[in-house]
Structures are given as C-alpha cells and as structure tokens.
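The structure under discussion appears below in the form of structure tokens.
All chains are named by letter (A, B, ...) in the order of the sequence lines, taking the proteins before the strands, and each is independently numbered beginning at 1.
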Amino acid sequence: MKTDKVQSSSEGSFTSNGAPRVFTVEHLNTLIRNLRDQGYAVIGPVVQDAAIVYDEISSSEDLPIGWIDTQSNASYRLTKRAAKTLFNFTVGPQSWKKYLHKPSVRILEAEKNGNEFAVNDAQPPAKKQAFLGVRACELHAIAIQDRVLLGGPYVDPIYAELRTNTLIVAVNCEKAGGTCFCASMGTGPRAEHGYDLALTEIRESDHHYFLIETGSALGATVLAGLPAEVASESDIQAANRVIATATHQMGRKVDMSEMKEILYRNTENPRWQDIASRCMSCANCTLVCPTCFCTTIEDTTDLRGTRAERWRKWDSCFTMEFSYIHGGSIRTSPGTRYRQWLTHKFGSWGDQFGSAGCVGCGRCITWCPVGIDVTEELKAIRDSELVEAGSIKSKE
Amino acid sequence: METLERYVAEHPFFAGMSEKHIQLIVGCASNVKYDAGQQIDRAGMEANTFFLVRQGRVAVEIVNPTSGPITIQTVGDGDVLGWSWLFPPYIHHFDSKALDLTRAIALDGKCLRQKCDADHELGYELFKRFAQIMEQRIASTRLQLMDLYK
Amino acid sequence: MTTQSVQSAVGAPDLNPMLPQTFRVRKVINDTYDTFTLELTPSHGGAEVSFRPGQFNMLYLYGVGEVPISISGDPSRGNVLVHTTRAVGTVTKVMSKLKVGDLIGVRGPYGTAWPVEEAVGNDVVIIAGGIGLAPLRPALYHILSHRTKYGKVVLLYGTRTPSDILYRKDLEQLRSRFDLEVHVTVDRAMGTWRGNVGVVTNLIPKAPFDPTNTVAMVCGPEIMMRFTVLGLQKRGVALDSIYLSLERNMKCAVGFCGHCQFGPLFVCKDGPVFRYGQVREFLNKREI
C-alpha cells in the first residue's frame with residue numbers, strides 16, 4: 001500500500017510552501033469550480049436539519065452563509081445573521097470520517113455455486129474528493145485515523161483508497177465553539193499541517209477576503225489556478241488575529257500531564273459509577289467522535305442463498321455486544337464501558353498510536369444527550385487524587 | 001522406625017518443625033498399605049487417621065444413591081489426606097479409596113490430639129499447616145464449583 | 001518452510017487483509033461431544049501453509065460469519081491447517097456441520113507465538129485448561145520434534161469431566177513417552193474414572209521441572225490462568241518466564257476493529273500470546 005502518497009499530500013508546515021496569498025471572497029467560488037472541473041467532488045459544510053453537516057456542494061452559495069452555531073453540553077443551536085460570513089461556526093455532528101472511514105462499507109461479496117463459493121473484495125474505484133472547511137482539530141483527527149488504519153502492520157485498503165484520493169482545504173477557526181478544547185490538546189485552532197490548502201476568513205471593516213496558505217505540492221497546483229496575490233504583512237497579522245480570537249475564546253481545557261498514568265491508576269475510581277448513573281450508553285459520543293474507528297461486521301445473504309456479503313459498520317464500545325466472548329460480555333456495566341472509552345481516548349491510545357485519541361473538538365460534549373463533559377470528568381478523576389493526597393497529608 | 005522418622009522429618013508438610021515435635025509426631029505414626037480398589041475410610045465412620053501418602057493414589061468420594069460414587073478429589077505421592085480427626089465428633093464426611101497400590105504413613109488422630117493438648121506449641125505448628133492445606137482445598141473446590149470450562 | 005511463505009499465501013501486507021482464501025475440509029474429527037477438529041488444505045492447491053505455534057486464523061463460513069480460531073496442528077506439517085473448535089456460537093455450530101470436501105474461508109495466520117525459541121535450553125511446563133489445549137498443541141509438537149533442545153517437558157492439562165478430554169488418543173500416546181511427563185486432571189468424575197480429580201493448579205507443586213530454569217506456557221479460562229500464575233509463582237517460576245494466551249472479541253484480527261483491546265494491548269496483533277508482565281497490570285482488574 002502506498003501510504004507515502006497519503007503523507008506527501010499532507011506534508012508541509014505553515015510557511016514552508018511559499019508565501020501566503022490572499023484572494024477575495026468571490027473567488028472562493030473559483031476555487032470550488034476549479035476543483036470540480038478537475039474532477040473532485042467538493043464536500044463542504046451545509047445547513048441540513050438545523051445543523052451544519054458535510055455534504056457535496058457546487059458553489060459557495062451552498063455554504064452556511066451567515067449561520068453561526070452556539071454549543072454547550074447537550075445543546076446545539078444555529079442562528080442566521082445578516083453578515084455574510086462563510087465559516088463563522090465550528091464543528092457540527094458529523095466529521096470527515098463519514099467520507100474516509102465510512103459508516104458502512106461492503107468489504108466482501110461471495111458467490112455460491114453448488115457446494116463451492118468464491119470471495120471477491122473488489123471495491124468501486126474511489127472518486128476524487130476535496131474537503132472544504134476542514135478544521136485544525138479535524139486535520140489531527142484524520143492524521144490519527146491514518147495512523148490506526150494505515151500505520152501497520154496491516155493497511156486498510158478501503159480507507160487508503162479514499163484517503164489517497166482526498167484533497168484537503170482547511171479553514172482556520174475564527175471562533176471557539178462552546179465545547180471546544182483543542183488549544184489544550186495541542187490540536188488547534190490553527191491548521192498547521194495535514195492540509196493541501198488552508199484558508200483564513202478575514203473580515204475587517206468592509207474588507208472580506210481569504211488568506212490562503214499552501215501545505216503541499218498538490219495544493220500549490222490548485223492555488224496556481226486562482227487569482228491570488230501575495231499576502232502583505234498586515235494580511236498575515238489580520239489572519240493571526242482571527243486565530244488568536246478563537247484561542248482566547250476557548251473555555252474548556254484538559255490537562256494532559258500524566259493523564260495516562262492517572263487513568264490507569266484510577267480504574268476503580270467511584271467517579272466511573274457516578275458517570276454511569278448519568279450515561280445512557282447511547283454511543284452518540286463514539287459516533288460523533290472524529291477519531292473513533294471501531295467497527296463490526298455484518299454478514300448477509302440473499303434469499304436464494306447464492307450471494308453473500310460482508311459489511312463493515314461503525315461500532316461502539318458502549319454496546320454490550322462489543323466485548324462479547326463465549327460465556328458473556330467482558331464489559332457488562334455502563335461504568336466500565338465509559339471507563340474503556342475515556343481511558344482509550346486519553347490514556348491507552350498513546351501507547352497504541354503515539355498520540356492522544358482526542359483532538360478537543362468537543363462533539364462528544366455537545367451531542368451527549370445528558371451533557372457529560374469529558375473535560376470535567378477527567379478533571380474530577382485527576383482532582384480525586386489531590387483530595388486523597390490532601391487527606392493523607394492532613395492526617396499526618 | 002528410623003525410615004519412618006526420616007520420612008516424616010523430610011515431608012514438606014512438616015518442613016520447619018523442631019526435632020522435638022517430629023519425635024512426638026513419629027510416636028503416633030505407623031506404616032500402612034492399601035491395595036488398588038481397597039476402601040480406606042467411609043463417610044459416617046469414626047475418623048481417627050491422618051495420612052501422608054508415600055506412593056499411590058487415593059480418591060475422595062461422595063456417594064449419590066442414584067448415580068453411584070462421584071470423585072471429588074484425588075491425592076497422590078507426597079499429599080496429605082484427612083482432617084476429620086481434628087474436630088469433634090471425629091466422623092468422616094467422605095469415602096476414600098485407594099485407586100492404585102498405596103503406601104502411606106498413618107498418624108493416629110487420638111494420639112496427635114492428646115499430644116497437641118499437652119503441647120500447644122505442637123498444636124499451633126500442626127494447625128498452621130492444616131490451615132494451609134484447607135485453604136488450598138477450599139480454593140480448589142471453589143474453582144471446581146465455578147465449572148470453568150463450561 | 002518459513003513464516004514468510006504463509007504470509008504470502010494468506011495474509012501478505014500487499015493483499016487486502018480482510019479477504020479470506022478458500023480452503024477445503026480434508027478431514028473432520030469429532031473430538032468430544034461438543035468439540036471438533038477440521039483439517040484444511042488450500043482449495044487451489046499450491047501454496048503451503050505455515051504458522052508459528054500459538055497463532056490463529058479467522059475462519060469464514062459463507063454467509064454466516066467469521067470467527068478467530070487458534071491453529072492446533074503440527075507446524076512442521078506444511079500442507080494442512082488444523083483447527084479445533086467448540087460448537088458454542090452461531091458460526092461454530094454451523095462449522096461443526098461441515099463435511100469433507102466443503103469450502104471454508106481462511107485469513108491468517110495472525111498474532112504472536114509461544115516462546116518456543118526463547119525456551120530452548122530450559123525446562124518447559126505447558127499448562128492447559130479445557131479447549132486451551134488446542135492452541136498449545138502446536139508448541140508441544142514443535143518442542144517434541146526438537147526434543148533435545150529442551151530440558152524436562154511437562155504437560156499439565158485440566159478439563160471438566162473425563163468425556164471432555166481433548167485429543168485423548170494423542171495424550172495416551174504422549175504419556176507412553178519417556179521424555180515427556182503428562183498429567184491430566186478433571187474437575188469432576190464418576191467413580192469409574194481412575195485418573196486425577198481436582199483443579200489443574202493442584203498438579204503444579206509436584207510437577208517435575210526446575211522452577212529456576214523453566215518457561216511456562218499457559219492457556220485456559222482467565223480465572224484458571226490467574227490461579228496457575230499464582231501456583232507457578234509459589235513454585236518459584238520467574239514471572240517473566242510465564243506466557244499466557246488471551247481471548248477477546250475479534251472482528252478483524254488486524255488491529256482495525258478495536259474490539260479486542262485489553263488495556264493498551266490489541267489481543268489480535270500484540271497477542272494472543274503475552275508475557276505475563278505485559279498483561280499483569282490489567283489481568284486482575286474487572287471488565288477491562
């Protein structure tokens with residue numbers, strides 16, 4: 001598998017690929033049109049069912065113009081404003097894994113002929129797709145899934161095929177969502193790598209334009225087709241101010257120092273039971289999470305029994321079946337299932353893949369129907385050790 | 001008698017016991033032999049013996065009237081067998097039967113009890129060892145009850 | 001025959017790791033009332049199959065599903081895959097109905113192996129509980145075919161009742177060897193059974209191996225393995241010389257599906273065979 005190809009389109013840093021450029025807001029449409037002309041399905045944020053989700057777009061008119069989101073624990077609201085902003089919102093319930101590590105994929109089909117059967121893994125060739133509006137946290141999430149599904153010893157060929165056919169246009173966040181904590185996770189709000197192009201939407205006085213940075217040779221080729229000028233120092237300063245605003249707005253954080261050790265030490269912490277009394281095991285957090293990669297397999301046959309298929313579908317460690325072996329499930333209580341999820345995200349993921357499994361996007365906080373906040377739960381577990389240490393001290 | 005004494009002294013069950021106590025124990029000991037298939041003890045009978053199996057194999061059984069004897073445990077070379085003689089009313093709870101030709105040292109329960117009453121240190125040393133055997137047996141029984149391989 | 005050549009046959013990295021190859025059932029052995037052994041050969045001939053003792057394959061039944069099953073055959077028999085399974089789930093129950101000549105899908109071999117190389121020069125004690133004997137059998141085959149490289153070799157096997165004893169004929173043959181000590185025990189038996197009764201851990205104190213120079217390979221239910229480790233520890237076997245094989249739910253066997261996680265470990269790719277030290281921290285914790 002050519003994982004190098006994936007990485008080459010994701011390499012590059014903030015300024016290593018030439019000076020940032022600027023182009024007017026009208027030319028975003030030129031970018032979209034150019035990409036479509038080059039055979040890319042352009043996928044970007046759109047408003048559907050009172051939320052901003054990702055879907056194919058044909059022009060910048062399809063973007064959530066003027067829409068802003070307000071998020072907090074178990075709450076997501078959209079409002080439309082007069083200002084014709086294009087990206088003045090943060091992440092919604094969907095993530096790009098919908099297009100890379102798809103919710104449902106047929107991985108095999110088998111044909112039966114008498115007593116014989118033959119298995120075939122042919123996939124339809126992946127079409128080129130361009131993601132428009134990928135946030136810094138999501139770039140990190142994609143990089144994390146790359147490590148899981150391409151990092152070996154085995155490579156997922158379905159993911160690899162989609163990934164190598166994906167062009168990424170990032171957008172820097174101009175505000176922090178109510179549940180965001182990327183700054184503390186080191187995953188945002190500035191898009192630093194993993195993109196082909198990165199935009200910053202700048203609105204100053206009457207001036208509405210984009211600063212565009214190049215993250216790969218492919219990005220540079222796409223940029224060459226745009227009427228963009230070299231950015232001035234003041235444009236760069238303006239873009240920096242936009243991102244700084246998002247950083248300063250961020251209200252939540254996770255202290256990751258020794259987090260793994262703390263979680264491993266606290267497998268019996270009563271907090272898990274406390275969380276279990278609130279958690280509904282609904283699996284929303286795992287479905288909205290941009291890094292959750294777990295899947296299950298479903299086997300189907302047609303009515304005549306001559307054709308069978310194997311489907312891979314998103315799964316969740318919050319279900320009982322997830323850990324089932326002969327005799328019963330390993331994680332029978334909601335508390336231990338939540339513990340597994342949180343410990344994986346903030347602890348064991350590091351041992352497995354060299355980074356946290358969380359990018360601080362806040363989706364699990366917003367979309368948890370009872371508003372469980374991972375940042376709060378992690379803090380409670382961390383602080384319970386301080387309380388214990390303190391009480392030991394006071395006894396001395 | 002000398003080989004008997006040496007066997008008792010070297011048996012892991014008595015490891016760490018003083019020479020004096022070994023002598024007291026040997027005073028209650030005798031050599032016994034059971035042929036394959038021979039009954040050693042029966043449930044309900046007076047329990048008066050504690051065996052150190054030297055060689056062979058003994059089955060501890062319980063009899064179910066409808067399905068016949070069920071083997072609960074087997075003991076073999078170097079194992080110890082029997083503690084019903086320790087506690088009143090000194091009655092066997094289970095049957096025991098030699099599966100193979102079995103040679104053992106039989107320690108007379110009454111004799112040991114008298115010596116333990118007279119010398120509490122000996123009693124403590126013996127009970128310490130029996131407690132360990134009981135702990136092992138109860139752990140094994142619990143695992144058997146688990147029906148782990150179901 | 002190397003491991004390399006199997007991988008080119010069934011699990012090469014450049015192939016789709018989710019794509020099974022078809023094998024044909026060559027022989028079916030009904031080991032016990034609920035356990036059966038399948039001997040499989042590649043349906044299109046050609047490629048030899050090879051694996052390391054302790055590894056497993058994913059076996060696919062057309063239209064029914066796929067299950068991880070350890071390989072229980074002799075690793076030096078390059079032309080056949082042997083799998084012993086209990087008919088307890090949807091897939092394995094259908095699998096138990098397979099007949100000679102039927103097709104089955106195979107992906108693998110996957111996972112880590114028993115430390116048969118590391119154990120060279122040492123005594124080896126193999127401790128199996130129930131169906132746990134199946135993944136240990138290839139290690140025993142390997143050791144016996146390189147017998148002079150090892151010190152004393154002991155097999156301790158515990159199972160439910162005399163009628164649950166796996167590979168009975170094999171065990172009887174092995175018991176007659178002078179260079180191998182085999183002890184079998186059952187949890188319960190009627191009076192007609194003349195063998196041992198009691199848990200397998202009871203066999204550890206008297207088993208003839210030198211604890212300071214022994215590698216232990218253990219497979220069985222997790223509780224049995226925990227007690228076995230205690231027994232080995234009591235006997236003086238170094239914890240780092242104890243190896244266990246774990247079981248967890250598995251959908252993919254290649255680290256993608258996430259189901260088999262055990263703390264930071266993926267049982268499919270980091271295991272199933274683990275050095276005790278790798279799993280010690282999590283083995284006694286509940287619902288990990």
Side-chain angles (χ1 to χ4, degrees), chain A residues 1 107-108 110 112 115-121 148-149 151-159 260 264 267-268 292-301 305 307-310 312 315 317 321-327 329-333 335-337 339-340 343-344 347-352, chain C residues 11-22 24 43 60-68 86 88-92 99 101-105 107 110 131 221-222 246-266 268-270 281-282 285-288:
Chain A
M1 205 37 252
I107 58 166
L108 291 178
K112 192 160 193 172
N115 214 18
E116 307 286 298
F117 71 88
V119 192
N120 163 18
D121 66 339
V148 174
L149 299 168
Y154 296 92
V155 167
D156 172 5
I158 298 171
Y159 180 86
K260 181 184 88 176
Y264 282 9
T267 49
E268 305 303 321
C292 271
F293 59 86
C294 290
T295 50
T296 188
I297 299 285
E298 280 180 24
D299 286 89
T300 62
T301 44
R307 211 164 157 282
E309 296 182 344
R310 310 205 78 213
R312 180 171 78 186
D315 201 1
C317 53
E321 297 74 27
F322 189 86
S323 62
Y324 181 85
I325 53 175
H326 167 64
S329 291
I330 303 282
R331 295 180 208 107
T332 53
S333 56
T336 58
R337 295 200 288 273
R339 181 185 72 188
Q340 164 63 22
T343 305
H344 189 210
S348 48
W349 205 296
D351 284 339
Q352 295 169 347
Chain C
D14 55 339
L15 280 179
N16 179 356
M18 297 301 282
L19 177 68
Q21 308 294 306
T22 49
R24 205 171 288 284
S43 67
Y60 167 68
L61 282 187
Y62 172 87
V64 183
E66 200 180 47
V67 280
R86 270 181 80 193
V88 287
T90 317
V91 181
T92 51
K99 296 183 294 294
D102 286 347
L103 283 185
I104 189 169
R107 300 192 280 131
Y110 296 119
I131 191 81
E222 245 168 76
L246 293 188
E247 182 193 4
R248 281 294 181 274
N249 185 307
M250 249 178 232
K251 299 291 182 198
C252 77
V254 289
F256 298 158
C257 79
H259 283 246
C260 70
Q261 288 176 80
F262 183 69
L265 302 163
F266 284 86
C268 70
K269 56 178 186 174
D270 302 317
E281 186 180 352
F282 299 100
K285 289 185 172 164
R286 290 182 186 191
E287 302 190 33
I288 286 293

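- Neither the backbone nor the side chain of L61(C) comes within less than 4.5 Å of any heavy atom in chain A.
- Contacts of E116(A) with chain C are made by both backbone and side-chain atoms, with heavy-atom separations under 4.5 Å.
- No side-chain heavy atom of F262(C) sits less than 4.5 Å from a side-chain heavy atom of I330(A).
- In this structure, N249(C) and F322(A) have side chains that are not in contact, with every pair of non-hydrogen atoms separated by 4.5 Å or more.
- Contact count against chain C (heavy-atom pairs under 4.5 Å) is highest for R310(A) among R307(A), R310(A), E298(A), K260(A).
- Inter-residue side-chain proximity for D156(A) and C252(C) is flagged as unmet; no heavy-atom pair is nearer than 4.5 Å.
- Proximity to chain A (any heavy atom under 4.5 Å) is shown, for E66(C), by both the backbone and the side chain.
- Counting heavy-atom pairs closer than 4.5 Å to chain A, the top-ranked of the candidates Q261(C), R86(C), K251(C) is Q261(C).
- Residues that satisfy the side chain to side chain donor-acceptor pair (under 3.5 Å) test with D270(C), not counting sequence neighbours, are absent from this structure.
- I288(C) is listed as a side-chain neighbour of R339(A), based on a closest heavy-atom distance under 4.5 Å.
- Per-residue heavy-atom pair counts under 4.5 Å with chain C were compared for V148(A), T332(A), I158(A), and the maximum is reached by T332(A).
- In terms of heavy-atom pairs under 4.5 Å with chain A, the best-connected choice from L265(C), V88(C), L103(C) is L103(C).
- Both the backbone and the side chain of D121(A) come within contact range of chain C, judged by heavy atoms closer than 4.5 Å.
- Heavy atoms closer than 4.5 Å to chain C are found in both the backbone and the side chain of T296(A).
- In this structure, the side chain of Y62(C) does not engage the main chain of T301(A) through any donor-acceptor pair within 3.5 Å.
- Residue with the most contacts toward chain A among K285(C), M250(C), K269(C): K285(C) (heavy-atom pairs, distance under 4.5 Å).
- No part of E309(A) comes within reach of chain C, as not one of its non-hydrogen atoms sits under 4.5 angstrom from that chain.
- Contact of Y264(A) with chain C is made through backbone and side chain together, with heavy-atom distances under 4.5 Å.
- No donor-acceptor pair under 3.5 Å is formed between the side chain of Y324(A) and the backbone N or O of R248(C).
- At a cut-off of 3.5 Å, with distance as the only test, a side-chain donor of S333(A) or E287(C) sits close to an acceptor on the other residue.
- M18(C) is listed as a side-chain neighbour of I297(A), based on a closest heavy-atom distance under 4.5 Å.
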